[in-house]
Amino acid sequence: MDFTYDDEQQALREAVRGLLATAYADHDARRRTVADEPGFDRALWGRLAEMGVLGLPFAEEHGGVGAGPVEIGIVCQELGRVLAPEPYLASVVHAGGLVAALGSPEQKADLLGRLSAGEVVLAAAVTSPGGRWASRADGVRASVSGDAWTLDGVADPVVAGGSADVLVVAAELPDEGGTGVFVVDAADVERTGYAAADLTRAASVRFAGSVATPLGAPGRDLAPSIATISDLTRIMGANQSLGVMQSQVRATTDYLKSRKQFGVTLNTFQALTFRAADMYVSLELAHSMVDWATMTIAGGDREVVAEAADRVGLEVSRAGRHIGQEAIQLHGGIGMTAEYAVGVGTAHLEVLDQWLGNAPHHLSRLAGRVTDHELVEALA
Amino acid sequence: MDFTYDDEQQALREAVRGLLATAYADHDARRRTVADEPGFDRALWGRLAEMGVLGLPFAEEHGGVGAGPVEIGIVCQELGRVLAPEPYLASVVHAGGLVAALGSPEQKADLLGRLSAGEVVLAAAVTSPGGRWASRADGVRASVSGDAWTLDGVADPVVAGGSADVLVVAAELPDEGGTGVFVVDAADVERTGYAAADLTRAASVRFAGSVATPLGAPGRDLAPSIATISDLTRIMGANQSLGVMQSQVRATTDYLKSRKQFGVTLNTFQALTFRAADMYVSLELAHSMVDWATMTIAGGDREVVAEAADRVGLEVSRAGRHIGQEAIQLHGGIGMTAEYAVGVGTAHLEVLDQWLGNAPHHLSRLAGRVTDHELVEALA
Amino acid sequence: MQLELSPADAEFRARMREFFTTKVPQEIRDTVLEGRHLTRDQIVESQRVLNAEGLAVPHWPEEWGGQDWTDLQRHLWHEEMQRAGVPIPLAFNASMIGPVIAQFGTEEQKSRFLPDTANLDIWWSQGFSEPDAGSDLASLRTTAVRDGDDWVVNGQKTWTTLGQHGDWIFTLVRTDPEVKKQAGISMLLIDMTTPGVEVRPIELIDGGHEVNEVWFTDVRVPGDLLVGEPGQGWTIAKFLLGNERVGVAPVGATKRALAGLKTVAAAQMEDPMVRARVAELENQLLALELTALRVVAHSAGGEPHPASSVLKLRGTELQQAVSELALDLAGPASLASRAEEDSPQEGWARRSAPTYLNYRKASIYGGSNEIQRQIISRTILGL
Amino acid sequence: MQLELSPADAEFRARMREFFTTKVPQEIRDTVLEGRHLTRDQIVESQRVLNAEGLAVPHWPEEWGGQDWTDLQRHLWHEEMQRAGVPIPLAFNASMIGPVIAQFGTEEQKSRFLPDTANLDIWWSQGFSEPDAGSDLASLRTTAVRDGDDWVVNGQKTWTTLGQHGDWIFTLVRTDPEVKKQAGISMLLIDMTTPGVEVRPIELIDGGHEVNEVWFTDVRVPGDLLVGEPGQGWTIAKFLLGNERVGVAPVGATKRALAGLKTVAAAQMEDPMVRARVAELENQLLALELTALRVVAHSAGGEPHPASSVLKLRGTELQQAVSELALDLAGPASLASRAEEDSPQEGWARRSAPTYLNYRKASIYGGSNEIQRQIISRTILGL
């Protein structure tokens, strides 16, 4: 049992942090980037590809690096620290994860190779309008005629869907055959992009007879795999949230030390410093859960990962709401402004949770299983 | 709409407060009283009778005073302020309430007359061991032979059951006839008295062929009436809790002003004074709900009273836990001692809630009805 | 003690309900009820409808359009407006500068400003907060220097809500830098079209343009636009900020928002955990509303009831809690915050994240919740 | 990073589990697991079983019975004890005075006291807090005045846990009233049978007799019972209070208590709100346990990890929250707190109110949660 990074992991963290510092030296840089389309920095995306970060999760034979979940978590934490709007979670972890899990060798080599090289952006279209983290598709239907598949319906939100070149789409198979996963060229759909509250981008995607290629062997019900990749994405999203929260606690602490009111700095007021202490408590507890959940992935057991996703999802959602709200409150008015990173961080935390699974969702699932075990075991 | 007491109500408050101040001038007096049997001050009980307080809810023709719910609430608040262990809620409000609602004219004149005069103590036996605020009896069964009724089974907790002269008992009627209510002479049962955590008294009562007289006409299902009297008792219990909380907030405020640590009084520490402010917020919100619930009784609508009991039960349980816990915490070690009223008050608040209905219970009932209305209306 | 309204008050309430639901345009009310943004014109139109009926500024002196209502009647008026989705009369006009001019202004100021203020012919902005004077308002730095009969104003105000719509702004300025900081402050009324006044938008995290910075560079203000005496500004500001007993907590609007969620997220209301969360909030809102009624019933004369701080504190907490529930009910659909109206996601769900973020301000502005706790612990508890 | 225990650690854990569940008497373990009170004899017996196996004081120096374990092994040892219901070795002996004597004591003090302390042949009490020196420990007033080779002690200690069982008491006393308050404090070991020592019970709100006042009236203490140097008491006390990295939060015991409720209140586990409450607590406990593991894994050398304050703070909050759940599940049965064993109400339900009340102390003693927040904000956050 070991909660520390090895030297290579430390080096990866430093390298990613260094690269992100050039692109997002301050919050103004992030503001400028999200003010324009595509809502992220394509040059930075390219440098992440060169550094191997985009190919981190994928096998070397498919153009990737073959790193483990801890490394991917490190990248997500660093992205979170600077509120980077790059679609790493959506494109690499989620959509790339679906391709890596379900694609044929040729599809993997093609799509993951180009994704790793920064040549294409992928997006996963798995949620229907009004839908709530289901692994069964219900907004898009697949039809087959001979070997030719087409899709009809709407997916929304499709995170990074506006800038994606290729969509990885969950769709209902004919004859109640369950949920299939298809690759669709973004040129063959109707897309309406929009910004979420944190100014990261998503899209509403309409399929109307769109030509689709099954990912892997066609016609199988892939709902369990979709669920597993969602769980993995949830855990990596929690890593990203952790990075955001770390920055918020640091910013709040710095602000309390420097901001004066009534002739003294705010850290003179015990009611405020104690609330900062409570923020730190939430942060550390969430940090532990994030590390744990990330480590569970290596074991490769789907049910263990599903459990870990619910547990870290609940913990990070609670911590994120607490820290995100207190960060604004302890900053006062300035925390409400788009010019300042703290309030935008609070928006980012909510977008991550509502996209990937919020506290009531995870709690409801955990509550359903509460009598299935006697004790929750931290160590196997 | 009026939330103020009239002159007579003010006078009643002053009179009761004055009388209680002679008996419970300080917490030591309460400690001495609860250290001995019967766990309350019979002399004080007699003086309450003389003052008309024991007969407050009952019609003049039955030996009572015929006062309204506001007056009874005032008495309960004052009892709560000094943590008085007298069984007013159990004997007058609950057991007396059952007699007043269900008894024949003769039974009312007899039992309520003697109760009002302080000649007998009544207790309501309506809960089975492990039972949870049900209005249907399930621990005691009634049998009839000719006109002669007998009871068998166990009721527990029976608050004030150890010192009661007469028990008012809910029992299952034969042939699935619902729940009846019976009067039983305490001499005809086996009782094991005990102290609750706040040192008020309850008892386990075993009926074994105990001779019982039906309250009112025999053989009817009285579960709805039992529920209504429980609701009324819940609301009066909330009045008593309000008195306890008022004392706790006052004691905590006084302590913060006088207790020194690190060379200064505790009210120098903003983290503590802000928590006292939050206690005050809980207190005032609960106060409003208690006044409102008490006023709903006058309308005489059972469903309105049931709703009010759930609402005030939830609010007072939440407020009581918050205030009770903070009162101890802000006092530190001394709040943990039996010598000091604050910690005992916390125990008293919990005993009242667990006896009459705790927060999860009331919340669960309110949640069940949440889609039956659009808005909750404060004013009719 | 009694719960029922008197027949007169019940009749009063019925009259308010009737007027609000029939005379204020439905489109304006729907906009409020659905949590969408009102235009400047809608706000003006609504207030003029009220003012024509004498319902815009009932708490003002009768000679300036006020009504001799009890506090309970004002409460009922305020609740019924929220219930019907009627925009509350612009606070800067109706609750802030109007009562100040009526109390402290010259007769000339009263006749010049009060009728236009009541009718929203003048849109007032508030110029109190500065970048380094938030909760610690008395340390403000904007100066007004006497020059002949005029004052020359320099400095910066911030968090000026809806300042982009403002015709005039009432400001706190430092007229005497030599004396104790509160004593050197005065209140000036400034025409925002005066040369040297510049309004710059501040973008908030919900993407809206709701607050502004207002810069004053050698702005010349005629001497007859000072309210009260020089140095009386702090007293006037305390009067202004403590003036509210009614409507401190947005009870009615929050109740409506919660009730609305039961309809728009009806399917999720089958979930017992959602039901419990709604039930808990409804109960807390009831306790808050009853407390507002108690405060109204107890308050005597012009002094604000100290429990107003309880209402502000709890009112904003519950407003925020309901916005959290809305966001959680919206789930993934909440990502479509800045999607256009043709989005397949429902409007309430799209607005849930911006609303959640916007309401974070509620516990900061108008006296932060920390200030409210300070007031409770000091003024009420004597700590 | 990896989650699995090393084979050696896994084997270690298995060995602990085996020993604790087979060698410590079942009756003692059941008493712990059911939340009943242990007698003095049970506590002594259990510790002697552990000590015979070298498991009572593993963190002491090896020559005095310690084991050269990693912090992780100590954590596993501690968790397995709680899981099996084994009473944790008496903290006053094993965690407090033992390490102090081993670190600061003379060789004579070590050989005289350490073996008996490890084996609980001496039951130690703690004499730190005073009526006017709680969180502000440095303002203590109990004095020790030099008289020949002896010290003469006068004063009063309070909150002396289980002092009624004490053979000896380690005390902080003021030996020099002239210097800065921390500098005038020394640590004395006092035989509680010495004339002038009087122990008076304090009754707590749960009805138990768990803490005491200890009065010293002209108590004569031989000079060789001073630990370290005169004036070193504050340093020693800080060492003693900061000595704990492992077992700061009662994670294992709280987990067991929560798991127990699932069994004893099985019928109520059908209620979705109860399930949600249990699930939330389980998750919070997991986060706490993982944090304890992170602290263990990160801590280097003798310095306590600053996150120990997180563990203490959160650990007591969760311990209290589980006791609240138990009380709410018990409902009316909880009224039978002081009923006898033949009560028809179940034991767990009868104990729920006293346990709830007793655990209120958890956030007060051993450094109140306010002190922990102070440590976090100052030491960790630099505020």
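Throughout, protein chains are lettered first and strands after them, A, B, ... in sequence-line order, and every chain is numbered starting at 1.
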Query raised in the report: If you draw a 6.0 Å radius around CD in B:E377, do more than 12 non-hydrogen atoms from other residues or ligands fall strictly inside?
Result: yes
**Report entry** Test log, rule ring pair (Phe, Tyr, Trp, His ring centres under 6.0 Å), inputs C:W77 and C:F12
**Finding:** CA-CA 9 Å; C:W77 163 79; C:F12 175 90; 9.1 Å; no
Query raised in the report: Side chain, backbone, both or neither: which part of C:E370 has a heavy atom under 4.5 Å from chain B?
Result: both
Requested in this report: Quick one: which of B:D310, B:L256, B:D291, B:D6 has the most heavy-atom pairs under 4.5 Å with chain C, could you say?
Outcome: B:D291
Report task. Tell me, for C:N283 versus chain B, whether the close heavy atoms (under 4.5 Å) come from the side chain, the backbone, both or neither. Result -> both
Requested in this report: Measure B:R369 against the heavy atoms of chain C and call it side chain, backbone, both or neither at under 4.5 Å.
Outcome: backbone
Query raised in the report: Out of B:L366, B:L314, B:T268, which one racks up the most heavy-atom pairs below 4.5 Å with chain C?
Result: B:L314
Report task. Under 4.5 Å heavy-atom distance to chain B, tell me which part of C:Q374 shows up: side chain, backbone, both or neither. Result -> both
Query raised in the report: Can you say whether B:T265 sits under 4.5 Å from chain C via the side chain, the backbone, both, or neither, judging by heavy atoms?
Result: neither
Report summary line: Okay, B:V70 and chain C: the region with an atom under 4.5 Å from a heavy atom over there is side chain
Requested in this report: Tell me, for C:L313 versus chain B, whether the close heavy atoms (under 4.5 Å) come from the side chain, the backbone, both or neither.
Outcome: side chain
**Report entry** Which atoms of B:D254 approach chain C - backbone, side chain, both or neither, heavy atom under 4.5 Å
**Finding:** neither
Requested in this report: Sort B:A298 into side chain, backbone, both or neither according to what part of it lies under 4.5 angstrom from a heavy atom of chain C.
Outcome: neither
Requested in this report: Under 4.5 Å heavy-atom distance to chain B, tell me which part of C:R83 shows up: side chain, backbone, both or neither.
Outcome: side chain
Report summary line: Okay, B:H287 and chain C: the region with an atom under 4.5 Å from a heavy atom over there is both
Query raised in the report: Between C:L258 and chain B, which part of the residue has a heavy atom less than 4.5 Å away: side chain, backbone, both or neither?
Result: neither
Query raised in the report: What part of C:L76 lies closer than 4.5 angstrom to a heavy atom of chain B: side chain, backbone, both or neither?
Result: side chain
Query raised in the report: Would you say the side-chain atoms of B:W133 pair up with the backbone N or O of B:N358, donor to acceptor, closer than 3.5 Å?
Result: no
